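First the proteins, then the strands, lettered A, B, ... as listed; each starts at 1. No experiment lies behind these values; they were computed from the predicted model shown.
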Number of protein chains: 2
Amino acid sequence: MSTKENLSFRQDAASTPPRAFRPHDHDSCVAGAMQAAESLCAESGARLTPVRRRVLEILLEGHRPMGAYDVLARLDAEGLGSKPPVAYRALGFLVDNGLAHRIERLNAFIACPRPTDDNHAPAFLICRGCGSVAEVSATLPGIPKGFRVERTTVEAEGLCAACTDSPE
Amino acid sequence: MSTKENLSFRQDAASTPPRAFRPHDHDSCVAGAMQAAESLCAESGARLTPVRRRVLEILLEGHRPMGAYDVLARLDAEGLGSKPPVAYRALGFLVDNGLAHRIERLNAFIACPRPTDDNHAPAFLICRGCGSVAEVSATLPGIPKGFRVERTTVEAEGLCAACTDSPE
DNA sequence: CTCCTAAACGTTACATGATAACAATGCAAG
DNA sequence: CTTGCATTGTTATCATGTAACGTTTAGGAG
Ligand SMILES: [Zn+2]
Ligand SMILES: [Zn+2]
Ligand SMILES: [Zn+2]
Ligand SMILES: [Zn+2]
């Protein structure tokens, strides 16, 4: 459990599908991510306020992205806020602090499963069958000399192993 | 001129910046892309109608992406249409036929400089300094076995060589 | 050439996604 | 305590994208 998922995926890319596409102990999955978020914030001084913490928990419920307004609906139902900026600010905080990522193709957000694994240039595998999204590590090959890359967006849409097998 | 830019960039990635980031004969750049678009459409039976052709020309004016409403403003000024669906339909046609691409990070569209170079899984280098975008070829490494990739979005934001050198 | 059909176009209305701006509140350092 | 700054609450508005439906047009069948 000490190995990064994105690294282990690299090491034996041929064997194991990412955790998000497999049945797994999701409770400990969530607990680990929350734990990591807490310690990251404690370390950096970032304030994981109630709304921010709750949004992270909501995002962590499934390995699938949620739109800002989906998150907002949840917050509203729980009395934590009803106006767009509430959701966007919390999501912005999480993204800025590496606790969540934005999926550009979907205009949606997903919790980072391993926020303490630093320096990750994340790539996302988006299954159009089940809607799950797995975060893996990607390095772009062949960037021309002279272009200084600051941020990358790498997203692949397709079918996960389970959805490929399933009878349509 | 027979070599694909995206291939040549791969072959000597260390030497030449992509054309979009260099001064070049842009008129012939445009002429080539229009030529390629014409023959692709002739071949496939797709109809490059006046609005569609004009939108492609507009996108080709610079190696930079334009939002749908920017394009629409141009069309409106020329009396070619004033309602969003006009722009979105033309852009959709161009994207579907490989004559333009959508840049997800920017909610914007850019003309494909080499639409006849087939099978391209394009990647985009986005310069935040000058706003130019270069299209290069990218293959994603290390996709886990079992995930069937259908479409990719690969975008890198940063600074092109010229903008890195320029004194802020 | 005429008729027919499918594609393209024009327009209305709406859905969805995101942010600017400012007032009110909480909170911690000095 | 008080002063400053981050956070929150709220309003209003902007930006992006699409469903739906009627009309026009191009181009092939007869
Ligand atoms: Zn899980
Ligand atoms: Zn799936
Ligand atoms: Zn050019
Ligand atoms: Zn530049």
Between [N] ([atom2]) and [X] ([atom1]): distance, integer Å:
X      : N      : atom1 : atom2 : answer
B:L48  : D:dT25 : CG    : P     : 19 Å
B:Y69  : C:dT16 : OH    : P     : 15 Å
A:N107 : C:dA15 : CG    : C1'   : 13 Å
A:F109 : C:dG17 : CZ    : P     : 10 Å
A:L106 : C:dG17 : CG    : P     : 10 Å
A:L94  : D:dT7  : CG    : P     : 12 Å
A:R105 : C:dG17 : CZ    : P     : 15 Å
B:D70  : D:dC14 : CG    : P     : 16 Å

Legend entry - 5'-most by nearest nucleotide on DNA chain C - B:R47 or B:P84: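 Its nearest nucleotide lies further toward 5', so the answer is B:R47.
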
Inset, instruction - For B:R52 and for B:K83, locate the closest nucleotide of DNA chain C by heavy-atom distance; then report the residue assigned to the nucleotide nearer the 5' terminus. - result: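 Result: B:R52.
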
Legend entry - Pair B:R148 + B:E150: basic N to acidic O under 4.0 Å: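 B:E150 and B:R148: not salt-bridged.
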
Legend entry - Closest listed nucleotide, where the reference is the side chain of A:P85 and the choices are D:dT11, C:dC9, D:dT18: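 So the side chain of A:P85 is nearest to D:dT11.
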
Legend entry - Candidate nucleotides C:dA18, D:dT18, C:dT11, ranked by approach to the side chain of B:Y88 - the nearest: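 Taking heavy atoms from C-beta onward, the closest nucleotide is D:dT18.
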
Inset, instruction - Would you indicate what A:T49 reaches in the nucleic acid, counting non-hydrogen atoms under 4.0 angstrom: base, sugar-phosphate, or nothing? - result: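 It contacts sugar-phosphate atoms only.
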
Inset, instruction - State which residue, out of A:H101, A:H63, A:R114, fulfils the side chain to side chain donor-acceptor pair (under 3.5 Å) condition with A:E135. - result: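 That would be A:H101.
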
Inset, instruction - Assign each of A:F93 and A:V86 to its nearest nucleotide of DNA chain D by heavy atoms, then name whichever residue's nucleotide is nearer the 5' end. - result: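 Per heavy-atom nearest nucleotide, the more 5' residue is A:F93.
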
Inset, instruction - Group every Ile, Leu, Val, Met, Phe, Trp and Tyr by side-chain heavy-atom contacts under 4.5 Å, then state whether B:F21 and B:I126 land in the same group. - result: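 B:F21 and B:I126: separate clusters.
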
